[in-house]
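One structure is given below, encoded as structure tokens.
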Amino acid sequence: MAVTKAILEKWMVAQKRHHLSDKQVQMARELGLNPEKLGKIDNHKQEPWKAPLPQFIEEIYFKRFKREEPETVKSLKQIMAEMDLKKKQQKAKKEERRKQRALSSGSEK
């Protein structure tokens, strides 16, 4: 859980640094790109033969998946909020199971 949250935070930093939209970030994540190494790809000003990073991500996404964009686009904040909600629900279920076990073991004595 903590690893995933740390990775999402790295993507948030990369999104701001490279001026990427939520759609482009999701495309890059699905392609398996490393958020820390996007700077090596995003140097089209120094190397004019390279495409700008957002355009490059969209091109390789289309080549690999044969579609223009992901079916559903979620922002990184939305993904993190869903993860937090899921974690809270799991904790509540676990606590409920503990209470049930405590009641059942208490009634057996």
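- Every residue was checked against the ring-ring contact (aromatic ring centres under 6.0 Å, His included) condition with Phe62, not counting sequence neighbours, and none meets it.
- With sequence neighbours left out, the salt bridge (charged side-chain N to carboxylate O under 4.0 Å, His left out) criterion links Glu82 to Lys74.
- Val25 and Val13 fall into different hydrophobic clusters, where Ile, Leu, Val, Met, Phe, Trp and Tyr are joined by side-chain heavy atoms under 4.5 Å apart, directly or via other members.
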Return all side-chain donor-acceptor pairs below 3.5 angstrom for residues 45-53, not counting sequence neighbours, or 'none' if the list is empty.
{"from": "Glu47", "atom 1": "OE1", "to": "Lys50", "atom 2": "NZ", "distance (Å)": "3.0"}
{"from": "Lys50", "atom 1": "NZ", "to": "Lys40", "atom 2": "O", "distance (Å)": "3.3"}
{"from": "Lys50", "atom 1": "NZ", "to": "Asn43", "atom 2": "OD1", "distance (Å)": "3.0"}

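- Legend: residues meeting side chain to side chain donor-acceptor pair (under 3.5 Å) with Gln100, ordered by chain and number and at least two apart, are Glu96.
- In this structure the side chain of Leu38 reaches within 4.5 angstrom of the side chain of Leu20, judged on heavy atoms.
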From CA spacing to verdict: side-chain contact (heavy atoms from CB on, under 4.5 Å), Leu76, Arg29: CA-CA 11 Å; Leu76 295 172; Arg29 289 181 62 222; 4.2 Å; yes

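- Residues forming a side chain to side chain donor-acceptor pair (under 3.5 Å) with Ser21 (at least two apart in sequence, or on another chain): Gln24.
- By the 4.5 Å heavy-atom criterion applied to side chains, Leu8 and Met83 are counted as neighbours.
- When all heavy atoms of Ala14 and Pro35 are compared, the pair lying nearest together is CB-O, 3.8 Å.
- Counted by atom type alone, Asp22 and Gln15 present one or more donor-acceptor pairs between their side chains at under 3.5 Å.
- Interatomic distance, CD of Glu36 versus CZ of Arg17, reported as 9.5 Å (0.5 Å rounding).
- Scored by the ring-ring contact (aromatic ring centres under 6.0 Å, His included) test, Phe56 finds no partners at all (sequence neighbours excluded).
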Apply side-chain contact (heavy atoms from CB on, under 4.5 Å) to residues Gln55 and His44 and explain how you reach the verdict. CA-CA 11 Å; Gln55 183 181 345; His44 65 280; over 6 Å; no

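- The line from CG of Leu85 to CD of Gln90 is 10.0 Å long, rounded to the nearest 0.5 Å.
- A heavy-atom distance below 4.5 Å is found between the side chains of Met12 and Met80.
- Expressed to the nearest 0.5 Å, how far CG of Asp84 lies from CD1 of Ile79 amounts to 12.0 Å.
- Nearest heavy atoms, Asp42 versus His18: OD2-ND1, 3.0 Å.
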Check the pair Phe65, Met27 against side-chain contact (heavy atoms from CB on, under 4.5 Å), reporting the backbone distance first and the verdict last. CA-CA 10 Å; Phe65 297 110; Met27 288 176 167; over 6 Å; no

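- Here Glu30 contributes atom CD and Ile57 contributes atom CD1; the two are 12.0 Å apart, rounded to the nearest 0.5 Å.
- Going from atom CH2 of Trp11 over to atom NZ of Lys16 covers 15.5 Å, rounded to the nearest 0.5 Å.
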